**Q** 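Below: one structure in structure tokens.
Everything numeric in this text was worked out from a predicted model, so none of it was measured. Remember, it's 1-based here, ligands and their atoms both numbered in the order they're listed.
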Amino acid sequence: MDTPLDRSDFPVTGHWNYLNHAGTAPPSGPAVEAMHRCAVESSEGASVAFPAHDTRAEEIRAAMARLMGVPTGDVAFVKNTTEGLGFVANGLTWAPGDRVVVPDLEFPSTLYPWLALRDQGVVVDLVPTSGPGRTLPVDAYARVVAAGPAPRVVAASWVQFGRGWRTDLPALAQVCADAGALLCADIIQGLGVVPADLDAWGVDFAMADAHKWLLGPLGVGVLYVRGSVLDRLRPLEPGWASVAHREDWDNRELVWAAGARRLEGGSANVTGIHAMGASVDLLLATGVDRVWAHVSALCERMREGLAAGGVTVLSDGSAAGRSGIVTFSVDGVDPVLLSAALRAEGIVCAPRAGGVRASPHGYNTTDDIDALLAAVAAVTRS
Ligand SMILES: Cc1ncc(COP(=O)(O)O)c(C=O)c1O
């Protein structure tokens, strides 16, 4: 079948029916080539290669900005999502009694930076998720926001890692704006598969790593900081790369670089950035809207097929809340064992949130989904 992303760019297709992009995605072939090229050029020329590598990194910053729908100057490279969250949580200045609102079911890195602020007197209030999909309609946030003093920050993942609920970020941004709160969105489980327009949506901070839906390597990511709130964020790692007078080695002044670059203190993971950029180029050339239409259809096929076979689909399938994640459980079968049984059939999923989580991307086919359905049916029958 025709897939929006070319299967020949994904060597993993020769080895596995890979349905774990919400876990760790296989970097694309072009990403690996870019990484290799960058490493070879560094090995052959080091500082001689650096200017060209830096120029390419700036092109990639612009590509990341396009993908997120934000100005290029508002994007910083970070080592991962967790670092981006830490830069926000610890870069803001807190006073005892300040309030943060976070969902009650989040990936640890989306929750812990806020819990860690409790030692500064920050109050963290949790928004209750509900139902098997662990859904979080914006009304649920609005109720918690309204139940106390105006929060300083509302923090949430765009797409919840376990069962895949997708939060309506524009609507949540409106709730935040009405309350005078900043919105910090962990977008790692959406960026690259769901079209994003963060600036227009009113998001203030967002972060993602390359190793999931961006089809890049581990250990490199991006942080978006809305230009108008940048000055509220204290750079946590000031260094040679954070300043306007970068590479003016004898300058003893501290004049921050314009834009989010001031958050980048030292040498960047250039090979990682180049690899991420190669995959992001694939996504932009294809169009994330096409990828999303395809992944949505694969997930719909999965939900319908699983339900028809008597399997419990835990993920919400509504148009508003669906994502690239479908989590399901089979009565009486441990998800860890079910996941292992699928792996033995060449299908890679992950046990998460009380079920097995499947997360296809733009190069997966309906055959991949049908193979999963057949393998689950075989386990259910046995
Ligand atoms: C929602 C969410 N946030 C953060 C992370 C961790 O990302 P990183 O390793 O880039 O810090 C994950 C990883 O699964 C995640 O699902």
**Q** Flag the pair F107 / Y112 as yes when at least one side-chain heavy-atom distance between them is below 4.5 Å, and no otherwise.
**A** no

**Q** Need the list: ligand 1 N/O atoms against protein N/O atoms, distance under 3.5 Å, rounded to one decimal.
**A**
{"from": "ligand 1", "atom 1": "3 (N)", "to": "D186", "atom 2": "OD2", "distance (Å)": "2.5"}
{"from": "ligand 1", "atom 1": "7 (O)", "to": "T81", "atom 2": "OG1", "distance (Å)": "3.4"}
{"from": "ligand 1", "atom 1": "10 (O)", "to": "T81", "atom 2": "N", "distance (Å)": "3.0"}
{"from": "ligand 1", "atom 1": "10 (O)", "to": "T81", "atom 2": "OG1", "distance (Å)": "2.8"}
{"from": "ligand 1", "atom 1": "10 (O)", "to": "D209", "atom 2": "OD2", "distance (Å)": "3.2"}
{"from": "ligand 1", "atom 1": "11 (O)", "to": "T81", "atom 2": "N", "distance (Å)": "3.4"}
{"from": "ligand 1", "atom 1": "11 (O)", "to": "T82", "atom 2": "N", "distance (Å)": "2.8"}
{"from": "ligand 1", "atom 1": "11 (O)", "to": "T82", "atom 2": "OG1", "distance (Å)": "2.5"}
{"from": "ligand 1", "atom 1": "14 (O)", "to": "K212", "atom 2": "NZ", "distance (Å)": "2.7"}
{"from": "ligand 1", "atom 1": "16 (O)", "to": "Q189", "atom 2": "NE2", "distance (Å)": "2.9"}

**Q** I want to know whether H15 and Y18 have ring centres closer than 6.0 Å.
**A** no

**Q** Is there a donor-acceptor contact under 3.5 Å from the side chain of E106 to the main chain of S157?
**A** yes

**Q** Charged N to carboxylate O below 4.0 Å: is that the case for R301 and D370?
**A** yes

**Q** For H245, I'd like to know if atom NE2 has over 12 heavy atoms of other residues, nucleotides or ligands within 6.0 Å.
**A**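 Correct, the count exceeds 12.
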
**Q** Does R152 make a cation-pi contact with W94, if we ask for NZ or CZ under 6.0 Å from the ring centre and within 45° of the axis?
**A** yes

